[in-house]
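The figures here come from the full heavy-atom set of this structure, side chains too, leaving out hydrogens, waters and symmetry mates.
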Amino acid sequence: NSGSANLTWSLVVTPTVAWLDVLPVSGDVAPGDSTTLTVQFDATGLPEAVYTTTLHFVSNDPNKPLVIVPVTMTVVTTRAIYLPLVLRNY
């Protein structure tokens, strides 16, 4: 927070998606301080595709009361490569 007052903020994920988790979803930040968010992606059970959503940060900042952060997750299937085993007698 580069301002001179406490920054009160909250987060909304739009659209809501099951594959993204963000914590915390709200808070207060003192002047000169910062907050760390934990963002977790979970592609379990999802087919190959590109998934998108946005994080909407709403705050009491008079200059930027809304900050929108796009989020993209690309799910790809890993393919196993099998190589033949060659044994040699030396």
Check: Going through the distances and angles, do Tyr51 and Val75 end up as a side-chain contact (heavy atoms from CB on, under 4.5 Å)?
Finding: CA-CA 8 Å; Tyr51 298 87; Val75 176; 3.6 Å; yes
Check: Are Leu37 and Leu23 close enough, and set up right, to give a side-chain contact (heavy atoms from CB on, under 4.5 Å), and what steps lead you there?
Finding: CA-CA 6 Å; Leu37 301 179; Leu23 289 174; over 6 Å; no
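Taking the side chain as every heavy atom from C-beta outward, Leu20 and Leu55 approach each other to under 4.5 Å.
Considering all non-hydrogen atoms of both residues, Met73 and Leu46 come closest at CE-CD1, 3.6 Å. Taking every heavy atom of both residues into account, Trp9 and Asp28 meet most closely at NE1-N, 4.1 Å. Across every non-hydrogen atom of Gly3 and Pro31, the tightest pair is O-CB, 3.3 Å. When every heavy atom of Pro24 is checked against every heavy atom of Leu11, the shortest pair comes out as O-CD2, 4.3 Å. Closest approach of Phe41 and Val71 over heavy atoms only: CE2-CG1, 3.5 Å.
Judged by distance alone, the side chain of Gln40 and the main-chain N or O of Asp21 form no donor-acceptor pair under 3.5 Å. Counting only distance, with no hydrogens or angles, the side chain of Thr54 and the backbone of Thr14 share a donor-acceptor pair below 3.5 Å. Under the 3.5 Å distance criterion, the side-chain polar atoms of Thr53 are matched with a main-chain donor or acceptor of Pro15. Looking only at distances, a side-chain donor or acceptor of Asn1 sits under 3.5 Å from a matching main-chain atom of Val29.
Hydrophobic cluster membership is shared by Val17 and Val39, with clusters built from Ile, Leu, Val, Met, Phe, Trp and Tyr side chains linked at under 4.5 angstrom.
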Per-pair distances, 0.1 Å, donor-acceptor, side chain in residues 57-69, under 3.5 Å, sequence neighbours excluded:
unit_1, atom_1, unit_2, atom_2, d
Ser59, OG, Asp61, N, 3.1
Asn60, OD1, Thr8, N, 2.8
Asn60, ND2, Asn6, O, 3.2
Asp61, OD1, Asn63, N, 2.7
Asp61, OD1, Lys64, N, 3.2

